[in-house]
Enquirer: 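I'd like to ask you about the structure that follows.
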Amino acid sequence: MHPDLGFAHSSRLMSGMRRQYPFHLIEPKSQSRWEAEQTFRAFNPGDEVPAEHPFGKRHDLGGRQATAAELPPKYYILDMFPYPSGAGLHVGHPEGYTATDILARYQRARGRHVLHPMGWDAFGLPAEQYAIQTGQHPRLTTEANIATFKRQIQSLGFSYDWSREVNTTDPDYFRWTQWIFLKLYNSWFNPATNRAEPIETLTYPNDCDTESKRRAHRDGKRLAYVSEAPVWWCEALGTVLANEEVIDGRSERGNHPVVRKPMRQWMLRITAYAERLLADLDTIDWSDSLKEMQRNWIGRSEGAEVDFAIARPTAAGLTESAGDPVTAACLAEQLTGTDKIRVFTTRPDTLFGATYMVLAPEHPWVDAITTAEQRATVEAYRTEVAKKSDLERTELAKEKTGVFTGGYAINPVNGERIPIWIADYVLISYGTGAIMAVPAHDTRDFEFATKFELPIVQVVQPPVEQADWRGFTGDGTSVNSTGPEVSITGLPTSEAKSKIIAWLEEQGLGQKTINYKLRDWLFSRQRYWGEPFPILWRKDEDGVPYHEALPESALPLLPPALDDYKPTSDGQPPLARAQEWLNLPDGATRETNTMPQWAGSCWYYLRYLDAANSGCFVDGDAEQYWMGVSNPKSEIRNPKSAAPGVDLYVGGTEHAVLHLLYARFWHKVLFDLGHVSTAEPFYKLVNQGLIMGEDGQKMSKSRGNVVNPDEILAEYGADAFRLYEMFMGPLQDSKPWNTKGVEGVYRFLGRVWRLFIDEAGEKDFEQRCMAQPGEEASFLAELKPAPRVQEVAPTAAQLKGLHACIKKVTEDLDGMRFNTAISAMMVFVNEAGKWEIRPAGLLRTFLQLLAPLAPHLAEELWAKLHEHLAQVAPSLSYAPWPAFDPALLVEDEIELPVMINGKVRDHIRVPADADNDAVQAAALAAERAKSFLEGKTIKKVIVVPGKLVNIAAG
RNA sequence: GCGCGCGUGGCGGAAUUGGCAGACGCGCCAGACUUAGGAUCUGGUCCCGGAAGGGGUGGAGGUUCGAGUCCUCUCGCGCGCACCA
């Protein structure tokens with residue numbers, strides 16, 4: 001039979017698609033071995049480690065229970081769990097997962113006890129919308145999607161501990177989400193201790209003399225409370241949205257229009273934690289840009305609140321007062337009573353420059369101060385503003401609008417009478433909803449004053465002489481800032497601020513204040529597919545409704561079965577359709593809102609620690625071992641924080657504020673209440689970059705540039721896919737996909753394969769597979785390493801090549817530089833491919849380096865290189881990471897460039913330990929160098945030991 | 001507008017504290033093996049130039065013996081926030 005006859009009948013082989021190596025046999029083989037062995041299971045303190053488990057063997061813990069102190073140092077490496085959509089996995093998902101898997105495998109080899117779990121963030125709108133359309137229960141859709149995601153993720157060979165898998169829609173999971181909600185509900189934030197405390201520690205003011213007053217006081221302090229405030233209502237989605245879910249007046253999901261609407265909603269008091277959420281950013285290892293995004297979101301600004309008296313039109317002696325000083329005594333008289341407007345400013349040093357005041361159109365004082373002549377104008381403006389959506393209000397903000405109310409206020413520092421305007425550039429929701437306008441030193445006020453011809457008075461001198469003070473908003477020196485009672489003229493901005501604040505406080509006219517952009521978190525949604533609130537509503541003796549918590553024993557509170565998942569016709573959430581569920585025999589009714597999708601993802605990293613625990617959200621010992629620094633052997637040393645929490649968390653930037661801020665908030669509450677041992681959940685966080693389509697555009701169905709991982713896997717295998725995702729470039733960068741690049745790393749894996757398996761063996765193997773396709777697996781098992789692979793001592797050069805590779809790969813994995821680690825392995829393999837005799841021991845060490853990145857191929861070859869010694873291979877997953885020997889990397893003689901005036905002109909070889917004088921002499925004696933120096937005077941010779949020689953000549 | 005980040009071959013990217021720019025991979029060119037090659041192996045590949053040599057890290061200056069790296073200005077791109085007083 002002609003040897004090539006078989007090939008001709010395979011379209012795959014004929015078309016040049018011949019596999020570089022039999023990954024289609026190797027990958028399922030490795031994966032089923034890991035599954036059978038439970039290779040990647042992590043053990044909680046007190047768990048029995050099976051006698052034969054490779055982790056137990058490595059750490060001498062097999063066959064017994066290990067205490068936290070006996071377990072090796074932990075390494076908790078976490079991926080942002082996915083929302084399992086119907087579309088299946090996208091090539092972007094596995095990028096982060098591959099990076100964490102490589103590190104998880106690397107850290108196991110380094111001897112760490114690795115916790116690397118995966119789960120499903122499975123509540124959410126798409127499954128619910130599908131349910132509305134088809135009547136199919138969202139659980140069925142969700143389960144099908146999870147099955148697809150799980151199959152796809154598992155086909156990549158990730159070393160997750162699947163025994164810890166969580167699913168936010170599982171009653172055994174959301175029971176604890178509800179439990180945490182009850183913790184929030186039953187706690188208040190004590191400003192004196194700066195932390196959350198059980199609601200029982202709340203003290204009541206003396207006037208709380210009835211139970212209903214006490215209840216009102218208590219309900220006003222809870223971390224989870226009910227508010228009637230205006231919220232973002234999205235008609236298309238049939239639900240309210242959090243501030244964070246609204247972008248430019250449209251829903252983040254689906255880009256539907258949203259409107260403001262007052263509704264009764266559950267809120268979480270995240271603002272109480274604003275300062276701690278901000279301050280603790282300094283204790284964690286996140287990228288600067290991410291921290292900056294969180295800081296911006298929290299939006300802390302320091303300044304002062306200042307009271308401006310309202311000048312009533314009837315007030316005598318307060319008419320136009322050109323040079324007619326109004327005394328502080330007169331002002332004090334004005335400020336008795338409540339006729340004052342409080343403004344917030346970050347620049348109290350510019351008080352003397354306040355030439356008018358602006359209120360938000362919705363400000364409660366507007367009616368009272370508007371004069372009869374202006375009333376029609378003011379009303380018209382307010383109506384116009386109310387009609388505008390917030391989108392228009394911000395997008396059309398290029399041109400300032402506003403109207404005069406006819407009212408005046410008194411500037412407390414100089415008694416000036418200033419007009420009060422209303423304008424929509426002042427927001428009711430920030431600060432006090434009112435500002436003092438300093439047009440000379442605030443861009444917005446400047447634009448407004450210019451348009452409406454309001455006076456502009458300089459009160460800050462810019463530090464640079466020539467600079468125009470008009471519109472100058474930086475720090476400088478106060479000028480024109482002397483009043484009858486106080487002067488800050490001549491003071492630099494920071495001193496001027498503190499002096500004027502001190503004076504205001506003394507006079508009872510204002511005080512130092514800190515404001516945050518952060519708002520409380522709108523926590524309820526009018527949906528079906530989310531966690532029901534464990535809350536009942538009752539009415540008191542006066543018929544006033546009030547809420548009360550279900551007991552913990554009533555958890556989990558399951559959502560009712562429904563035939564129709566739409567909201568009710570009168571706009572009630574879908575849960576209101578279930579009358580039996582809704583109405584309790586004792587007359588109470590259930591809360592019909594559900595929690596937002598963020599709820600489940602706020603704490604899933606804690607559930608992984610003890611996923612099957614039915615008595616507790618997480619066992620204390622497990623929590624302390626995996627999250628804390630209580631383990632004396634822990635290698636994590638965080639200088640600023642007592643605790644690391646999750647050692648490494650990898651995910652996309654899309655969660656930079658929402659998920660990460662919410663999770664930090666919940667974690668801090670749990671910390672305050674003593675349920676977790678660290679103040680922060682995620683010590684180190686890395687955002688992977690976006691993978692774009694081959695055209696350099698963001699991948700999307702409409703562009704048709706989406707790459708399906710299943711197809712790549714079928715053609716090149718999981719190892720090549722993993723390797724390519726890492727080889728594309730730095731993890732944090734965005735980069736375009738290029739399938740040709742996959743072929744590059746695939747060829748590299750083929751070269752690795754051929755280092756071990758020679759052509760003759762391979763050909764024979766392929767022919768046998770072709771003849772008996774059913775026997776492929778056993779033919780693979782019989783395949784022997786090439787005769788060139790021998791148990792011999794390596795040469796010095798071979799050892800040096802290997803150890804250079806160990807060094808580079810080790811350092812690069814530590815620094816998460818996967819692309820250059822792969823490049824180092826390519827260099828090694830290119831070199832090793834030339835060796836006539838390939839020392840087996842050396843190749844085994846190389847496989848250990850390759851194993852975290854291409855684990856399937858490494859396992860297969862590792863097994864073969866032990867079989868040929870008639871040994872059963874030890875577990876590659878737990879084989880100790882090779883150390884490099886620096887002594888092997890030292891050169892006796894080194895080549896140095898000789899530069900003349902910074903240009904390389906020659907090279908010299910000198911002993912590695914040659915002193916500078918010897919190197920200089922050698923450089924000056926170098927032939928080519930000499931010819932360049934002819935006719936020139938040598939001014940200076942710089943010798944950088946081990947690097948180069950530079951001769952400055954002219 | 002403000003804040004953060006980034007600009008290096010035809011392409012993705014290397015160059016860890018200022019020290020031989022372009023590692024590694026893709027693509028391309030040539031060769032070997034071959035009935036064949038979209039397999040594999042070998043060599044080449046920043047630009048100009050036959051060579052010698054010269055030029056070169058978005059642009060313009062500067063510091064330095066020496067700059068992709070540091071400083072100043074400027075242009076371009078990406079991300080975030082967006083009237084937050």
Side-chain angles (χ1 to χ4, degrees), chain A residues 4 7-8 13-20 248 287-293 295-297 299-301 303 343-347 350 358 393-395 397-398 400 423-427 429-438 442-445 447-448 473 515-518 653 656-657 689-690 696 723-724 727-730 732-745 747-748 750-751 754 759 808 811-812 815 817 819-827 830 833-834 895-905 907 939-944 946-953:
Chain A
D4 284 339
F7 285 76
L13 299 183
M14 230 176 69
S15 64
M17 299 291 295
R18 182 168 170 260
R19 284 192 193 93
Q20 289 275 345
D248 290 337
S287 73
D288 288 342
S289 68
L290 189 58
K291 285 186 181 183
E292 201 53 34
M293 281 165 78
R295 287 191 191 104
N296 287 340
W297 195 265
R300 181 186 200 271
S301 59
V343 302
F344 174 71
T345 176
T346 56
R347 292 296 299 269
T350 62
V358 188
R393 211 166 141 167
T394 49
E395 278 212 342
K398 281 143 202 144
K400 294 270 180 293
D424 67 356
Y425 83 89
V426 173
L427 309 175
S429 56
Y430 184 77
T432 61
I435 61 153
M436 62 173 206
V438 184
D442 181 279
T443 314
R444 297 150 301 180
D445 298 344
E447 284 172 21
F448 192 82
T473 58
N515 247 305
Y516 300 92
K517 280 199 277 182
L518 185 68
T653 343
V657 275
L690 223 60
L723 223 48
Y724 176 62
F727 189 63
M728 290 168 83
Q732 292 89 339
D733 292 2
S734 288
K735 52 243 156 192
W737 180 271
N738 175 9
T739 300
K740 285 282 185 199
V742 188
E743 287 177 26
V745 292
R747 282 202 278 265
F748 161 70
R751 284 199 295 278
R754 292 188 296 273
E759 210 180 330
K808 182 78 178 142
E811 289 170 357
D812 284 350
R817 293 180 296 268
N819 53 335
T820 50
I822 293 166
S823 140
M825 289 191 281
M826 288 173 166
V827 170
N830 289 345
K834 296 172 192 158
E895 192 184 71
L896 297 182
V898 178
M899 306 173 94
I900 290 159
N901 295 331
K903 286 197 199 316
V904 181
R905 297 301 188 184
H907 287 89
K939 294 190 216 147
K940 196 173 176 184
V941 180
I942 288 107
V943 178
V944 185
K947 290 280 187 189
L948 51 71
V949 184
N950 191 13
I951 301 164

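Every chain is numbered from 1, with letters handed out A, B, ... down the list of sequences. Reckoned from all heavy atoms, side chains included, excluding hydrogens, waters and symmetry mates.
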Enquirer: Give me the distance, rounded to whole Å, that separates B:G56 from B:A21 when you measure between the P atoms they each carry.
Expert: 12 Å
Enquirer: With both distances under 3.5 angstrom, what nucleotide forms a Watson-Crick or G-U wobble pair with B:G1?
Expert: B:C81
Enquirer: Any strand counts, and the cut-off is 3.5 Å on both contacts for Watson-Crick or G-U wobble. Which nucleotide pairs with B:U42?
Expert: B:A30
Enquirer: Kindly indicate whether a cation-pi arrangement holds for A:Lys400 with A:Tyr425, taking the cut-offs as under 6.0 Å to the six-membered ring centre and within 45° of the axis.
Expert: yes
Enquirer: Students often get this wrong, so: under 4.0 angstrom with heavy atoms, is A:Asn738 touching a base, only sugar-phosphate, or nothing?
Expert: sugar-phosphate
Enquirer: With sugar-phosphate meaning primed atoms plus P, OP1 and OP2, does A:Val827 contact a base, only sugar-phosphate, or nothing at under 4.0 Å between heavy atoms?
Expert: sugar-phosphate
Enquirer: Let me spell it out: for each of A:Glu743 and A:Tyr724, pick the nucleotide of RNA chain B with the closest heavy atom. Which residue's pick is nearer the 5' end?
Expert: A:Tyr724
Enquirer: Measuring only the P atom in each nucleotide, how far is B:G7 from B:G12? A whole number of Å is fine.
Expert: 12 Å
Enquirer: Considering just the side-chain nitrogens and oxygens of A:Arg747, establish if one lies under 4.0 Å of OP1 or OP2 belonging to B:G27.
Expert: yes
Enquirer: Look at all strands and tell whether A:Lys808 reaches a base, only sugar-phosphate, or nothing, counting heavy atoms closer than 4.0 Å.
Expert: base
Enquirer: Using Watson-Crick or G-U wobble geometry with both distances under 3.5 Å, which nucleotide pairs with B:G18?
Expert: none
Enquirer: When you measure from the side chain of A:Thr820 to the backbone N and O of A:Ser823, does any donor-acceptor pair fall under 3.5 Å?
Expert: no
Enquirer: Sort out the partner of B:C70 for me: Watson-Crick or G-U wobble, both distances under 3.5 Å, none otherwise.
Expert: B:G62
Enquirer: Can a side chain N or O of A:Arg751 be found less than 4.0 Å away from OP1 or OP2 on B:G25?
Expert: yes
Enquirer: Ignoring hydrogens, what is the shortest heavy-atom contact between A:Val426 and A:Gly433? Give both atom names and the distance.
Expert: CG1-O, 3.5 Å
Enquirer: Measuring only the P atom in each nucleotide, how far is B:G58 from B:G68? A whole number of Å is fine.
Expert: 10 Å
Enquirer: Using a cut-off of 4.0 Å on non-hydrogen atoms, how would the nucleic acid contact of A:Asn830 be classed: base, sugar-phosphate, or nothing?
Expert: sugar-phosphate
Enquirer: Taking only the P atom of each, what is the distance from B:A23 to B:A32 in whole angstrom?
Expert: 26 Å
Enquirer: How would you label the contact of A:Lys517 with the nucleic acid (heavy atoms, under 4.0 Å): base, sugar-phosphate, or nothing?
Expert: base
Enquirer: Using only modelled atom types and a 3.5 angstrom limit, is any donor from either the side chain of A:Lys740 or the base of B:C11 paired with an acceptor on the other?
Expert: no
Enquirer: With C1' as the reference atom in both, quote the distance from B:U34 to B:A39 in angstrom, rounded to an integer.
Expert: 11 Å
Enquirer: Restricting to non-hydrogen atoms, name the atom on A:Val898 and the atom on A:Ile951 that form the minimum distance, rounded to 0.1 Å.
Expert: CG1-CD1, 4.0 Å
Enquirer: If you pin A:Gly431 and A:Gly744 to their nearest nucleotides in RNA chain B, which one's is more 5'?
Expert: A:Gly744
Enquirer: Side chain of A:Met826 only, please: which of B:G27, B:A14, B:G25 is the nearest?
Expert: B:G25
Enquirer: Is the backbone of A:Gly689 close enough, under 3.5 Å, to the side chain of A:Asp733 for a donor and an acceptor to pair up by distance?
Expert: no
Enquirer: Could you tell me how far B:A85 sits from B:A67 if I compare only their C1' atoms? Round to whole Å.
Expert: 44 Å
Enquirer: Testing A:Glu743, A:Arg754, A:Arg751 one by one against A:Gln20 for a side chain to side chain donor-acceptor pair (under 3.5 Å), which residue passes?
Expert: A:Arg754
Enquirer: Are any of A:Gln20's side-chain N or O atoms less than 4.0 Å away from OP1 or OP2 of B:U40?
Expert: yes
Enquirer: When all nucleic acid strands are considered with a 4.0 Å heavy-atom cut-off, which category describes A:Ser734: base, sugar-phosphate, or nothing?
Expert: sugar-phosphate
Enquirer: Is there a donor and acceptor pair, one atom on the side chain of A:Asn950 and one on the base of B:C65, closer than 3.5 Å?
Expert: yes
Enquirer: If we take the P atom in both B:C77 and B:G55, what is their distance in whole Å?
Expert: 32 Å
Enquirer: Assign A:Arg905 to base, sugar-phosphate, or nothing according to its heavy-atom contacts below 4.0 angstrom with the strands shown.
Expert: sugar-phosphate
Enquirer: Return the nearest nucleotide to the side chain of A:Pro897; candidates are B:U42, B:C20, B:A23.
Expert: B:C20
Enquirer: Can you tell me how far C1' of B:C6 sits from CG of A:Leu690, to the nearest Å?
Expert: 15 Å
Enquirer: Less than 4.5 Å apart, side chain to side chain, heavy atoms only: is that true for A:Met436 and A:Thr350?
Expert: yes
Enquirer: Between B:C73 and B:C81, how far apart are the two C1' atoms, rounded to whole Å?
Expert: 26 Å
Enquirer: Please name the nucleotide paired to B:G7 by Watson-Crick or G-U wobble geometry with both distances under 3.5 Å, or report none.
Expert: B:C75
Enquirer: Which nucleotide, if any, forms a Watson-Crick or G-U wobble pair with B:G53, using both distances under 3.5 Å?
Expert: B:C48
